[in-house]
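Notes to accompany the following structure.
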Amino acid sequence: MPARESHRAKLERMHAEYALLCEAIPAPRCALHFSNPFELLVATVLSAQTTDRRVNSVTPALFGAYPDAAALAAADPETVEDIIRPLGFFRSKTQHLLGLATALDRDFAGVVPRTMDELTTLPGVGRKTANVVLGNAFGVPGFPVDTHVMRVTGRLRWRSDWRIAKSDPVKVEREICACFPPEEWTDLSHRLILHGRAVCHARKPDCAACPLNETCPSSLTR
DNA sequence: ATCCCGAGGG
DNA sequence: CCCTCTGGAT
């Protein structure tokens with residue numbers, strides 16, 4: 001009988017691996033440094049398929065013109081488009097922003113809500129964005145799962161070669177959360193994302209430089 | 001060419 | 001489950 005790894009053993013192994021990963025990756029700080037929940041929410045929505053540096057380059061003008069939900073809800077779409085154009089997806093993002101601001105103003109009196117269910121009712125806000133806001137603006141434990149996290153965890157847990165594991169992000173979220181105390185979730189997610197960008201690339205992962213090379217079932221250098 | 005710390009819609 | 005949205009950096 002091929003001794004299948006027990007559930008508990010699996011969790012312990014995962015914990016050890018991620019701990020090693022955390023050791024190897026410098027402590028992350030949220031690059032979208034907005035203390036204001038509204039600004040963090042907007043900046044996080046804007047950050048899809050762009051870099052933080054570019055988001056940071058447009059937010060001064062954006063928040064200068066529209067400091068809160070009510071102002072943004074009343075904004076002229078074309079003006080908003082002009083401001084965020086360099087980010088790409090500017091049409092859908094503008095739609096999201098105006099819809100988001102409208103809903104925020106109408107349903108939550110302009111105050112960013114603090115629960116997953118409420119946040120995800122907002123246009124343009126999915127589970128990943130909601131978890132980023134919860135963790136970084138409110139200190140509410142959450143584990144943001146993006147494509148990097150899917151790829152890195154997929155490669156670590158089973159051989160997934162070059163593809164993103166065809167797995168449910170919510171399942172990944174739950175499994176990771178089961179392995180770590182809540183106060184580590186936000187930080188660990190961020191580290192996995194950074195690791196996915198810096199080392200565990202989609203196309204050409206730098207396995208030789210990976211601290212998990214010894215145990216990763218998808219390693220290309222063993 | 002390829003990628004960027006996604007979400008909504010078909 | 002797939003597709004699309006989009007400009008800029010590398």
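Computed over heavy atoms, backbone and side chain alike; hydrogens, waters and symmetry mates excluded.
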Please classify the nucleic acid contact of Phe89(A) as base, sugar-phosphate, or nothing, using heavy-atom distances under 4.0 Å. base
Remember a base hit wins even if backbone is also touched, and classify Arg53(A) as base, sugar-phosphate or nothing at under 4.0 Å, heavy atoms. sugar-phosphate
Rounded distance in Å - [atom1] ([X]) to [atom2] ([N]):
{"X": "Asn56(A)", "N": "dC4(B)", "atom1": "CG", "atom2": "C1'", "result": "14 Å"}
{"X": "Leu87(A)", "N": "dA7(B)", "atom1": "CG", "atom2": "C1'", "result": "16 Å"}
{"X": "Arg91(A)", "N": "dA7(B)", "atom1": "CZ", "atom2": "C1'", "result": "17 Å"}
{"X": "Leu100(A)", "N": "dG6(B)", "atom1": "CG", "atom2": "P", "result": "17 Å"}
{"X": "Gln49(A)", "N": "dT4(C)", "atom1": "CD", "atom2": "C1'", "result": "11 Å"}
{"X": "Asp52(A)", "N": "dC3(B)", "atom1": "CG", "atom2": "C1'", "result": "15 Å"}
{"X": "Ile193(A)", "N": "dC3(B)", "atom1": "CD1", "atom2": "P", "result": "18 Å"}
{"X": "Leu41(A)", "N": "dA7(B)", "atom1": "CG", "atom2": "P", "result": "11 Å"}

Phosphate OP1/OP2 of [N]: any [X] side-chain N/O under 4.0 Å:
{"X": "Arg127(A)", "N": "dA7(B)", "result": "no"}
{"X": "Arg54(A)", "N": "dG8(C)", "result": "no"}
{"X": "Arg85(A)", "N": "dT6(C)", "result": "no"}

Among dC5(C), dG8(C), dC3(B), which nucleotide has an atom closest to any side-chain atom of Pro86(A)? dG8(C)
Can you tell which of dA7(B), dT6(C), dC5(B) lies closest to the side chain of Phe90(A)? dT6(C)
Quantified in whole Å, what is the [atom1] atom distance between nucleotide [N] and nucleotide [M]?
{"N": "dC5(B)", "M": "dT10(C)", "atom1": "P", "result": "12 Å"}
{"N": "dC3(B)", "M": "dC5(C)", "atom1": "C1'", "result": "15 Å"}
{"N": "dT2(B)", "M": "dT6(C)", "atom1": "P", "result": "22 Å"}

Does a side-chain N-to-carboxylate-O contact under 4.0 Å join Arg13(A) and Glu17(A)? yes
Checking Thr186(A) now: which residues fulfil side-chain contact (heavy atoms from CB on, under 4.5 Å) with it, not counting sequence neighbours? Asn136(A)
List in chain and number order the residues that pass side-chain contact (heavy atoms from CB on, under 4.5 Å) with Glu184(A), two or more places apart in sequence or in another chain; answer none if no residue qualifies. Phe180(A), Pro181(A)
Would you kindly check whether a donor in the side chain of His201(A) faces an acceptor in the base of dC3(B), or vice versa, at under 3.5 angstrom? no
All N/O contacts under 3.5 Å from nucleotides 8-10 of chain B to the protein, with atom names and distances to one decimal?
residue : atom : partner   : partner atom : Å
dG8(B)  : OP1  : Gly124(A) : N            : 2.8

Using side chain to side chain donor-acceptor pair (under 3.5 Å) as the criterion, point out the one residue from Thr51(A), Asp52(A), Thr50(A), Asn56(A) that pairs with Arg54(A). Thr51(A)
Here's a test for you: under side chain to side chain contact (heavy atoms under 4.5 Å, CB included), which of Ile176(A), Ile25(A), Leu21(A) qualifies with Leu188(A)? Ile176(A)
Closest approach of Thr153(A) and Met150(A), non-hydrogen atoms and distance? OG1-O, 3.3 Å
Both His148(A) and Ala130(A) contact DNA chain B. Taking the nearest nucleotide for each, which residue is further toward the 5' end? His148(A)
Would you say Val199(A) ends up clustered with Val149(A) if hydrophobic residues are merged whenever their side chains have heavy atoms under 4.5 Å apart, either directly or through other cluster members? no
Would you say Lys93(A) and Leu46(A) make side-chain contact, with heavy atoms under 4.5 Å? yes
